[in-house]
Amino acid sequence: MSDLESFRASTRAWLEENCPQPMRAPMTEADICWGGRNWQFQSEEQQIWLERMVARGWTVPRWPTAYGGAGLSGDEDRILAEEMERINARPPLQSFGIWMLGPALLQFGTEEQKRHYLPQIARGEIRWCQGYSEPGAGSDLAGVQTKGVDQGEYFEVSGQKIWTSYADKADWIFCLVRTEPDAPKHKGISFLLFDMASPGVSTKPIQLISGASPFCETFFDAVHVPKDQIVGARGAGWSVAKYLLTHEREMIAGTDSALFGSADLVAEAKAHIGLDSAGRLADPILRAQIADFLVDEAAFEAELEAARAWMRAGKMIGVQSARLKYTGTELNKRRQELLMAVGGLEALAWDSANAADHELASLWLRSKGNSIEGGTSEVMLSILSKGVLELG
Amino acid sequence: MSMEILTEDQQMVRDAAAGFLSASANVDSLRQRRNATQGGRGAHDPALLQAMAELGWYGILLPEDQGGVDLGARAAGLIAQEAGRNLSPLPFLGSAVLAAAVLRDCEDQDWAAKLASGEIQIAFAFEEGGKHAPDHVAMQALAMGNSYNLSGAKRHVADLTGADFVITTAQSDQGLGLFLLATQGTGVQIDPLATVDSGNYAHLQLDHAQAEAVLAIGERAETVLANALRVGRAVAAAELLGLADEAATRTSAYLKERKQFGMTLASFQALQHRAADLYCQIESTRAVVAAALDAIDQADPQAESLSRVAKAKATKTARLAVSEAVQMHGGIGMTDALDIGLFMKKARAAAEILGDHNHHSEWLLQQKGL
């Protein structure tokens, strides 16, 4: 038996033994384990599952063991994912710490920072949020104005962030702050980490056109941030942020992200529109639009699979992640438009209490944000035209 | 910039194809063909056919015992991609892919070996109307002793002019049949066509023409035909991909060089974004074309569906690529002196060969019960 085959066998046996039955069921947004200081486990099994996976380093399988991971290779990581999928095992922990901050710390953090923060992330002890966008800095992210004034031992941070997902539930924030006011735009930003319980931090949830959302406005009023809580050099925060954004888009490509939608358009069309006597969808023009969409969707699925194969081979996607983000989110908007057309008047149903999770109209409206968040489609096209086509 | 993982063999095939085609079977060769054949009414350049045989391309899909090199559909797709990039006037799709795939699955030794060596040229005739409809077969094959006599018409047969033999579909007393005939035989009439892309197409008229060989008949013939069309459309998609990629590359290069209002066209965001969107479409196409070809090589059950998605997507992407190319080149893009127009012409023809976007998306809908 090859090493990988025996890894698969032992992984399968361990999962069979250790994954509690209730953790082997499909999950909704409400079943996610986010961890954090104030986390209330939804069940005993959720807690047991997390603890067992933490002990094995499998909440962050590829991170080094010294930082709470299991040091798995790309192939081993893939096998673990496949074996978890085989029994429908839920991810034991999801967090912006794992997806975003962790990879940035691995790349830019000091040894001391890695040993301090990474194991906490791996164990789900600290829930992180991301302080990037500001009211005046959306697509022009490097225009952030939240200022960090050097007060000797600490930076005094004041300003406002927006679109901070789960800021009201997070323990700590990683945040872009202008600490060098006289430096050029891209050279004046530092990447700071601080506790959301610090005096001077407040948050306010944002209501979207689609209903309730995890997004918040976040306000900082003279928050004290110790100087050792900076990742990378002073004024070098933009490099960290760019790395992290690229990583975020790669991560989106590597998972079955909600950004790319999941509703079964074909089944919905059959159910709502029905078939004519020849067995064809009764609305021929909608049928043609669905055909066009299905071809593009199938091609994009092949594109995502190629990206996953590329990453499994240990290669970086880098700037090309922008095309996956662009194509995937634009397709999801088309899918949601078609689902609304398929649903017709029925699809207009609205109950603002539950809207975000369940209803077609809410998902349709929410999808409009897909090509805005994480970099707009226009920003993606600019990245590609400059970074790949070398235009401009 | 893309994410393509190739084996060493596949890389060698691609590099050899890129080297040979860009030097010897390029857009200039197409212009020469256009001039020499009054728009396509003529055989392929014999020197190019000889070179194709020497490169082993007629045997790319054939196993060694049929005289081939057996490198598979993905390798054939890589050659077609380079052919698309160069608008190479070659009988690659018709002879080396479609005819070879039929002979491979019929497990024929003699004809396959002669095709693989380049000793004979074989075309494949399967269309009878103006749109791709391989299931519509009105041509009749009448049993006459050990052989069959064929009567009827096939239209727009690729690479037929100059071919020594043609394989055709026909209805027999035992259902669909695949028959091989000598093009010089009695009752065989070939009418070469001038087409917008200066390709080698001809109508085929058979009047009690005797088959040289009965390759397959009945259910077997249905399977052989389906296999050949599957690999054919995936390879045709690869050709369209190469064409689209080259049209986009030439357009980006032109945007960097051409100045208006005192700056390069590349500095206008309206054009940057259109070029980037086209790039995204091309990369989606690249992924699904590779997936279809790999699925064929691995006998994956998804191969049929993927091959159809690949052809549909490639058709659509190539159409976008050539129309953007002409538009972004502006007035010069409308001139015959610039090559871009030739890409537009070839894309139109290649869209129709083996089924367009509508044809294959219709199949996909029916597959899904819509």
Side-chain angles (χ1 to χ4, degrees), chain A residues 264-267 269-270 273 275 278-282 286-288 290-313 315-320 322-328 330-331 377-378 380-392, chain B residues 1-5 237 248-249 251-253 255-256 263-269 271-292 294-295 302 305-306 308-317 357-358 360-370:
Chain A
D264 187 344
L265 177 61
V266 169
K270 276 184 209 167
I273 304 286
L275 304 179
R280 297 176 178 199
L281 196 68
L286 183 56
R287 184 173 183 269
I290 291 174
D292 196 33
F293 172 78
L294 290 176
V295 168
D296 289 340
E297 183 191 43
F300 180 65
E301 276 166 15
E303 190 177 357
L304 273 186
E305 189 44 48
R308 293 189 194 112
W310 190 254
M311 286 190 277
R312 285 200 296 272
K315 301 177 193 212
M316 297 293 289
I317 294 182
V319 68
Q320 293 186 83
R323 77 169 140 87
L324 300 171
K325 204 271 176 186
Y326 168 69
T327 305
E330 291 296 332
L331 270 178
S377 283
E378 290 70 24
M380 296 304 107
L381 292 175
S382 288
I383 287 172
L384 292 167
S385 61
K386 292 187 173 63
V388 177
L389 303 179
E390 296 169 343
L391 301 176
Chain B
M1 198 186 284
S2 59
M3 295 184 271
E4 242 181 347
I5 299 174
T249 301
T251 303
S252 282
L255 294 180
K256 290 176 208 177
M263 42 193 168
T264 62
L265 296 185
S267 57
F268 292 99
Q269 193 181 53
L271 300 181
Q272 289 173 2
H273 284 193
R274 276 164 59 182
D277 176 73
L278 175 58
Y279 161 77
C280 292
Q281 298 300 325
I282 289 170
E283 293 309 313
S284 275
T285 308
R286 191 186 311 281
V288 76
V289 166
D294 284 341
Q302 293 299 310
S305 176
L306 281 168
R308 290 175 185 270
V309 172
K311 182 62 168 58
K313 181 74 184 178
T315 297
K316 192 171 151 183
T317 298
H357 181 273
N358 291 356
H360 293 300
S361 55
E362 175 63 37
W363 182 91
L364 202 62
L365 283 172
Q366 291 188 15
Q367 214 36 35
K368 291 180 182 288
L370 288 180

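- The pair A:E297-B:K313 fails the salt-bridge criterion, with no side-chain N (NZ, NE, NH1 or NH2) lying under 4.0 Å from an Asp/Glu carboxylate O.
- Annotation: the span from A:E301 atom CD to B:L306 atom CG amounts to 9.5 Å, rounded to 0.5 Å.
- Contact annotation for B:A291: only side-chain heavy atoms (C-beta onward) come within less than 4.5 Å of a heavy atom of chain A.
- Using a 4.5 Å heavy-atom threshold, the side chains of A:V295 and B:K316 count as separate.
- When the options B:T264, B:L265, B:L255 are evaluated for a side-chain contact (heavy atoms from CB on, under 4.5 Å) with A:L391, the one that passes is B:L255.
- Put simply, of A:V388, A:L281, A:L384, the one with the most heavy-atom pairs under 4.5 Å next to chain B is A:V388.
- The greatest number of non-hydrogen atom pairs below 4.5 Å with chain A, out of B:S361, B:A312, B:S284, B:A287, is found for B:S284.
- Of the two parts of B:H360, neither the backbone nor the side chain holds a non-hydrogen atom closer than 4.5 Å to a non-hydrogen atom of chain A.
- Ranking B:R274, B:R308, B:Q272 against chain A, the residue ahead of the rest is B:Q272, based on heavy-atom pairs under 4.5 Å.
- Residues A:D292 and B:H357 meet the side-chain proximity criterion, which asks for heavy atoms closer than 4.5 Å.
- Heavy atoms of A:L389 lying under 4.5 Å from chain B belong to its backbone as well as its side chain.
- A:K315 does not touch chain B: none of its heavy atoms, backbone or side chain, sits under 4.5 Å away.
- Both the backbone and the side chain of A:E378 come within contact range of chain B, judged by heavy atoms closer than 4.5 Å.
- When heavy atoms are compared at a cutoff of 4.5 Å, B:S252 approaches chain A by way of both its backbone and its side chain.
- Of the possible polar contacts, none joining the B:K368 side chain to the A:L294 backbone as a donor-acceptor pair under 3.5 Å is found.
- Distance check: B:L278 CG to A:S385 OG gives 12.5 Å after rounding to the nearest 0.5 Å.
- For B:E4, the part lying under 4.5 angstrom from a heavy atom of chain A is the backbone only.
- For the residue pair A:A313 and B:I5, the shortest heavy atom distance occurs at CB-CD1, 4.2 Å.
- Looking only at side-chain heavy atoms (C-beta outward), B:E362 and A:R280 come within less than 4.5 Å of each other.
- Shown here for A:A298 and B:V288, the closest heavy-atom pair between the two residues is O-CG2, 4.3 Å.
- Proximity to chain B (any heavy atom under 4.5 Å) is shown, for A:E330, by neither the backbone nor the side chain.
- A:Q320 contributes atom CD, which lies 10.0 Å from atom SG of B:C280 (distance to the nearest 0.5 angstrom).
- Expressed to the nearest 0.5 Å, how far CZ of A:R323 lies from CD1 of B:I282 amounts to 11.0 Å.
- A side-chain donor-acceptor contact under 3.5 Å links A:R287 to the backbone of B:L370.
- To the nearest 0.5 angstrom, B:H273 atom NE2 is 9.5 Å from A:Y326 atom OH.
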